[in-house]
Amino acid sequence: MHSLKSYRISFVLISLALCFAWLLNISSGSVVIPFDAMLSVVFGGKADIDSWNYIIWNYRIPKAFTAALVGGGLSISGLLMQTLFRNPLAGPFVLGISSGASLGAAMILLGASLISGMVSFTFINDISLAIAASLGSFLVLLVVMLVANRVKDTMALLIIGLMFGSITTALVSVLAYFSSAEDLQRFIFWSFGSVGNLSGQQVILLSGVVFLGLMLSVLSIKKLNAFLLGENYAQSLGVSLKKSRLIIIIATGILAGGITAFAGPIAFIGLAVPHLTRQIFDTMEHRVLIPAVFLYGAILMLLCDTIAQLPNSANVLPINAITSLVGAPVIIWLLVRKRKMLF
Amino acid sequence: MSNLKKHNIIVKDLSIGYKDKTVADNINFCMNSGQLCAIVGVNGVGKSTLLRTLGKLQPKLSGEIAINRKALELHSSFELAKTLSFVLTEQPASKNLTVQELIALGRQPYTNWIGTLTTEDKQQVEESLSSFLLKDLRYNKCHELSDGQLQRVLIARAMAQDTPLILLDEPTTHLDLYHKVQILKLLQQLSHNKQKTIIFTTHEIELAIQLCDTILILDGNENPSGTPIELIEQKHFEHLFPLEMVQFDSKTGSFKVNK
């Protein structure tokens, strides 16, 4: 409550950083496009080589946009979970939402050959994969929500989420055991994560999903702040526990489930970004944290995707590996330097 | 009847506890505004349960609770947030909040959908900060505070919520004698200056006798209540603990260990 104004400079800086990360992301890729040519294309001009226009407008800009949405959305879902579960180690993976999405994807990619007599292979495309992954994450979410209404203790809920994660992972490995090499490869590629293979329609759908999740988060800001005191205090401040918890869980599920469906299970962004953000924005006020975490997540994801592109070759490193390589040391560094992870 | 109007909390034949277990019953008392009231009793007799029941954090088993002449169950959660505030034994979930942020959260029942503080809200926060001697600590994080300071912050938050009734669960545990007295003195000032009813549970019977206007003794039987002097005269403190261990000295209002 240093008054929100004192964070204005930080917000300006972080927005500039986002623009920079975005341009950097667009400038890197398998085809070398000079930075000045890229700038002129982005700002409405024409590049000397026609294919550059096409690559930038039809491939790189949608990809950068997707990366920003994915990073920001996952980070917000991590922030919501950390506040709701009063646990600095909560993230989209902990509730089993990402695992649920993996199960859905595995059903399509691996299970299809088991029931190949009934389903033709042409049925397997990106859209059905996205739908299956969404369904998987929402199925887990639904079960967790049912349990949430019975269990008052959020720690128990957290452990239940972890158990669901284990169950879905086990089911996935059973499916993997019985599936063919090609199917397995497809699934593994999905689980590497990617922000580049989305069609225009999918990008629009993803934007809608992230927008909906953000709206629900913004509407919950006051309740999230009350939850910082603990549930009993929140209740004594007039917060309806069941209703607010449900809205926050739905927001989390929409963000984490929807994004995982389109971009694959992307690790550590949701967990690490809220902590990183608090290094700059030293506050617990969600009015500050929600926009800040979204911007920070977008920046980090753009940078990770840029690193994945760096070799300037046709090969793109798996984004999931990059986020883990960046995210896990950050968590360790925070733990060692700060001794305790406060949230 | 005119006397009854001043009572802003009335409890009749209340029994409290959980579905399968009654913790305490036959609880009757009424308390006036501007009074500091202590609930005393041995461990496990149901002091905290009573406090939580009075604040609707858990349902009562039977009986009546009326706050401001309206049955507790008829208060909406929104109304209740402006009627009573809590200081619980549990620590705030996030200790990364600053003192000022935490106290400002007490203004939630009055702020808009996103929690913007108006000038009046800020004034209330300032007043709470200064009443509980926290002005110098306002930008400190809660994990940097001592137990006594944190307790003052939590009480200041309850004060900022600006409710006629404040319920505190063992506000003096883990504190040394000086800080115990400091907290209770501040509570006494708050109740008398702002005409608030402040009810707290405590094991500090001797301090409660000196500082409180009313005491409720939960003894699992009659559960007598009254002013400290009345209760001493009626010899209610004598039977609070096993006689062979400690004895109450009614002249000094203190307990003596039997050697």
Side-chain angles (χ1 to χ4, degrees), chain A residues 1-4 6 79 82-88 90 152-155 215 217-244 274-275 277-279 281-291 334 338-343, chain B residues 51-52 54-58 75-117 121-122 125 138-139 141-144 153-154 157-158 160-161 163 165-167 169:
Chain A
M1 211 193 73
H2 272 244
S3 88
L4 303 180
S6 55
L79 174 70
Q82 286 171 13
T83 300
L84 184 64
F85 296 114
R86 305 190 298 273
N87 191 323
K152 241 197 154 186
D153 184 6
T154 43
M155 285 311 280
M215 280 299 102
S217 315
V218 168
L219 287 176
S220 306
I221 282 178
K222 191 170 164 180
K223 279 122 196 164
L224 286 165
N225 283 334
F227 275 122
L228 292 175
L229 289 175
E231 294 191 342
N232 280 327
Y233 278 116
Q235 194 177 354
S236 82
L237 283 167
V239 173
S240 147
L241 286 187
K242 272 191 183 173
K243 201 176 123 203
S244 332
H275 293 290
T277 309
R278 286 187 204 108
Q279 303 295 309
F281 297 86
D282 190 15
T283 179
M284 294 304 291
E285 168 65 72
H286 285 82
R287 273 180 293 169
V288 176
L289 278 182
I290 284 193
L334 282 175
K338 295 257 167 182
R339 296 299 160 111
K340 49 190 168 183
M341 259 163 77
L342 291 159
F343 90 101
Chain B
L51 208 68
R52 292 171 53 86
L54 290 178
K56 217 179 167 187
L57 284 184
Q58 74 181 69
H75 287 267
S76 70
S77 64
F78 185 68
E79 252 181 320
L80 214 57
K82 291 183 176 183
T83 307
L84 61 89
S85 53
F86 264 107
V87 176
L88 299 164
T89 42
E90 66 184 52
Q91 304 269 314
S94 168
K95 293 197 138 196
N96 210 13
L97 285 163
T98 64
V99 168
Q100 190 169 325
E101 280 175 335
L102 196 150
I103 293 174
L105 283 177
R107 296 302 298 168
Q108 276 220 345
Y110 306 91
T111 54
N112 63 2
W113 68 277
I114 203 167
T116 315
L117 296 175
D121 293 324
K122 284 176 186 160
V125 173
R138 65 168 71 206
Y139 297 126
K141 301 268 185 191
C142 287
H143 62 85
E144 298 165 346
V153 174
L154 291 173
R157 189 210 62 85
Q161 203 174 332
T163 55
L165 178 61
I166 301 178
L167 304 171
D169 198 2

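It should be emphasised that the depicted structure is a prediction, and the values quoted were computed from it without experimental measurement. Convention: sequence-line order gives letters A, B, ...; per-chain numbering from 1.
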Next on the checklist: Is a donor from one side chain sitting under 3.5 angstrom from an acceptor on the other, for A:Gln235 and B:Ser77?
Outcome noted: no

Item to check | Side chain, backbone, both or neither of B:Gln91 within contact of chain A (heavy atoms, under 4.5 Å) | outcome: backbone

Checklist entry - Would you say the side chain of B:Trp113 lies within less than 4.5 Å of the side chain of A:Leu219, judging by non-hydrogen atoms? => result yes

Next on the checklist: Using heavy-atom distances under 4.5 Å, tell me whether B:Gln161 contacts chain A through its side chain, its backbone, both, or neither.
Outcome noted: side chain

Item to check | Segment of A:Leu229 engaging chain B (4.5 angstrom heavy-atom cut-off) | outcome: both

Next on the checklist: Quick check: closest heavy atoms across A:Met284 and B:Leu97, and the distance to 0.1 Å?
Outcome noted: CB-CD2, 3.7 Å

Item to check | From CA spacing to verdict: side chain to side chain contact (heavy atoms under 4.5 Å, CB included), A:Leu237, B:Arg157 | outcome: CA-CA 11 Å; A:Leu237 283 167; B:Arg157 189 210 62 85; 3.6 Å; yes

Next on the checklist: Using a 3.5 Å distance criterion without hydrogens, assess whether the side chain of A:Arg287 forms a donor-acceptor pair with backbone atoms of B:Gly115.
Outcome noted: yes

Next on the checklist: Counting only non-hydrogen atoms closer than 4.5 Å, does B:Lys56 touch chain A with its backbone (N, CA, C, O), its side chain (CB onward), both, or neither?
Outcome noted: backbone

Item to check | Side chain, backbone, both or neither of A:Val239 within contact of chain B (heavy atoms, under 4.5 Å) | outcome: side chain

Next on the checklist: Distance check, rounded to the nearest 0.5 Å: A:His286 atom NE2 versus B:Ile114 atom CD1?
Outcome noted: 12.0 Å

Checklist entry - What's the spacing between B:Lys141 NZ and A:Asp282 CG if we round to 0.5 Å? => result 3.5 Å

Item to check | Stepwise side chain to side chain contact (heavy atoms under 4.5 Å, CB included) check, A:Lys222 with B:Asn112 | outcome: CA-CA 9 Å; A:Lys222 191 170 164 180; B:Asn112 63 2; 5.9 Å; no

Next on the checklist: Less than 4.5 Å to any heavy atom of chain A: does that hold for the side chain of B:Thr111, its backbone, both, or neither?
Outcome noted: both

Next on the checklist: If we define contacts as heavy-atom pairs under 4.5 Å, which of A:Gly230, A:Ser236, A:Ser220 has the most with chain B?
Outcome noted: A:Ser236

Checklist entry - Hey, mind stepping through B:Leu154 and A:Tyr233 against side chain to side chain contact (heavy atoms under 4.5 Å, CB included) and telling me if it holds? => result CA-CA 10 Å; B:Leu154 291 173; A:Tyr233 278 116; 4.1 Å; yes

Next on the checklist: Please rank B:Leu80, B:Thr116, B:Leu84 by heavy-atom pairs under 4.5 Å with chain A and give me the top one.
Outcome noted: B:Thr116

Checklist entry - Side chains of B:Glu90 and A:Asn232: donor-acceptor distance under 3.5 Å anywhere? => result yes

Next on the checklist: I'd like to know which of B:Pro109, B:Ser76, B:Ser85 tops the heavy-atom pair count under 4.5 Å against chain A.
Outcome noted: B:Pro109

